[in-house]
Amino acid sequence: MDTFSAVGVICGVDEAGRGPLAGPVYAACVVLNAAHKIAGLADSKELSEKKREVLAIAIKKYAKAWAIASASVQEIDQLNILQASLLAMKRAVESLPFVPDLVLVDGNQSPRLKCSVRTIIRGDSLIPEISAASILAKTARDKEMQRLHECFPLYGFDQHKGYPTKKHLAALQDHGACEIHRKSFAPVHALKFSKKSF
């Protein structure tokens, strides 16, 4: 899909971490450099962890510009996960050293920006700029969840990254929620009505 080649400076945007029960949501934006093609760009969910790490290094080295931002657990609980994701996207784009001509956002919801924005369903699979943003957001969030695992080792964040796996749900039942759990999410919120209160 090279239908945007005549637009000017194109920035791809994607998020990572809407589904987990814990941790911040991350977003990244990338402006690729046509002079340095990066082979292997794809939706981050379709790539192995090792491949994502290799591509993240290449993106940071060869892209014209890139930025990563996040929204906190507190912001997720206050705003809701969609609005927090859009906030993280907005922060990422506004961290660029210039204003792009067009921002392409994965999905069907877009942040409010001072430039043209287009949403693209499955954009992380179709648009290289969005694929690159998907990879940076995912690798950055995974790294943060690895760090948070050291602070809260009872939950296995280094393995499931906060997603609602059987092991994670079992740990929630055994230990209750910790401060990085999203208390507005149903499995965590339900603990308020059990013996495992916050």
Side-chain angles (χ1 to χ4, degrees), residues 11-30 41-49 52-53 55-56 59 66-95 103-113 117-127 129-149 152 155-169 171-172 177-191:
C11 173
V13 179
D14 201 5
E15 54 74 28
R18 282 182 64 168
L21 304 179
V25 62
Y26 271 68
C29 61
V30 177
L41 292 176
D43 175 5
S44 65
K45 295 185 290 294
E46 304 300 322
L47 300 168
S48 68
E49 183 177 356
R52 285 195 300 265
E53 292 290 345
L55 285 168
I59 293 162
W66 58 272
I68 300 169
S70 64
S72 68
V73 171
Q74 291 75 20
E75 288 170 324
I76 292 169
D77 285 337
Q78 180 181 1
L79 300 172
N80 75 46
I81 186 57
L82 171 60
Q83 294 304 318
S85 298
L86 297 177
L87 176 60
M89 291 180 181
K90 179 180 173 70
R91 286 171 173 165
V93 174
E94 291 181 347
S95 296
V103 173
L104 302 178
V105 180
D106 182 55
N108 61 5
Q109 301 281 340
S110 65
R112 292 183 179 180
L113 298 168
V117 182
R118 287 274 302 273
T119 57
I120 300 176
I121 303 294
R122 295 188 63 248
D124 48 6
S125 299
L126 300 170
I127 307 294
E129 287 85 354
I130 299 178
S131 298
S134 169
I135 291 164
L136 290 193
K138 173 66 174 167
T139 53
R141 187 179 189 280
D142 283 358
K143 184 176 181 180
E144 173 64 3
M145 295 308 294
Q146 291 276 5
R147 186 190 72 80
L148 289 170
H149 171 69
F152 305 97
Y155 299 92
F157 292 133
D158 59 328
Q159 298 175 39
H160 51 66
K161 309 301 189 291
Y163 282 89
T165 62
K166 287 183 179 180
K167 180 177 180 179
H168 189 188
L169 293 173
L172 268 174
C178 71
E179 64 189 73
I180 66 160
H181 277 102
R182 301 172 180 179
K183 295 171 179 61
S184 57
F185 277 44
V188 184
H189 184 74
L191 294 174

Item to check | Counterpart residues, side chain to side chain donor-acceptor pair (under 3.5 Å), relative to Ser184 (two or more places apart) | outcome: Asp77
Item to check | Those residues that, when tested against Lys45, pass salt bridge (charged side-chain N to carboxylate O under 4.0 Å, His left out) (two or more places apart) | outcome: Asp43, Asp124
Item to check | Distance-minimising heavy-atom pair for Ile76 and Gly23 | outcome: CD1-O, 3.8 Å
Item to check | Minimum heavy-atom distance Ala177-Leu191, with the two atoms named | outcome: N-CD1, 3.8 Å
Next on the checklist: Using a 6.0 Å cut-off, check whether atom CD of Gln146 has over 12 heavy atoms from anything other than its own residue.
Outcome noted: yes
Item to check | Charged N-O contact under 4.0 Å between Arg52 and Glu49 | outcome: no
Next on the checklist: Strictly distance-based, threshold 3.5 Å: is any side-chain N or O of Ser134 a donor or acceptor partner for the main-chain N or O of Ser44?
Outcome noted: yes
Next on the checklist: Show the nearest heavy-atom pair for residues Ser72 and Pro24, with the distance to one decimal.
Outcome noted: CA-CB, 4.3 Å
Checklist entry - Does the Arg182 side chain pair with the main chain of Pro20, one donor and one acceptor, at a distance under 3.5 Å? => result yes
Next on the checklist: I'd like to know whether His181 forms a side-chain contact (heavy atoms from CB on, under 4.5 Å) with His168, so could you lay out the CA-CA distance, the side-chain angles of the two residues, the decisive distance to 0.1 Å, and finally the verdict.
Outcome noted: CA-CA 11 Å; His181 277 102; His168 189 188; 3.0 Å; yes
Checklist entry - Should Leu169 and Leu21 be marked as a side-chain contact (heavy atoms from CB on, under 4.5 Å) after you check the CA-CA gap, both sets of side-chain angles, and the distance that decides it? => result CA-CA 9 Å; Leu169 293 173; Leu21 304 179; 3.8 Å; yes
Next on the checklist: For a quick test of reading the model, state the closest non-hydrogen atom pair linking Leu136 to Ile68 and the distance between them.
Outcome noted: O-CD1, 4.0 Å
Checklist entry - Could you state the interatomic distance from CD (Gln78) to CG (Leu87), rounded to the nearest 0.5 Å? => result 10.0 Å
Checklist entry - Rounded to the nearest 0.5 Å, how far does CZ of Arg147 lie from CG of Asp158? => result 14.0 Å
Item to check | Glu179 atom CD, neighbour heavy-atom count above 12 within 6.0 Å | outcome: no
Next on the checklist: Give me the atom names and distance for the closest heavy-atom approach of Ala133 to Gly12.
Outcome noted: CB-O, 3.5 Å
Checklist entry - In Å and rounded to the nearest 0.5 Å, what is the SG to CD distance from Cys29 to Glu129? => result 11.5 Å
Item to check | Nearest atoms (heavy-atom pairs only) where Ala92 meets Ala27 | outcome: CB-O, 4.0 Å
Next on the checklist: Rounded to the nearest 0.5 Å, what separates atom CD1 in Ile120 from atom CG in Leu104?
Outcome noted: 4.5 Å
Item to check | Any Thr139 side-chain heavy atom under 4.5 Å of Leu55 side chain | outcome: no
Next on the checklist: Can you tell me how far apart CZ (Arg122) and CD1 (Ile130) are? Round to the nearest 0.5 Å.
Outcome noted: 11.5 Å
Next on the checklist: Classify the ring geometry of Phe157 against Tyr155: parallel below 30°, tilted from 30° to 60°, perpendicular beyond 60°.
Outcome noted: parallel
Checklist entry - Does anything in residues 80-91 pair up under salt bridge (Lys or Arg N to Asp or Glu O under 4.0 Å), and if so which pairs, sequence neighbours excluded? => result Glu75-Arg91, Lys90-Glu94
Next on the checklist: With a 3.5 Å distance limit and no angle check, can you tell me whether Arg18 reaches the backbone of Ile81 through a side-chain donor-acceptor pair?
Outcome noted: no
Next on the checklist: Nearest 0.5 Å, please: how far is CD in Glu144 from NZ in Lys161?
Outcome noted: 12.0 Å
Next on the checklist: Just so I know, are the side chains of Leu41 and Ile59 near enough to count as touching, which here means a heavy-atom distance under 4.5 Å?
Outcome noted: yes
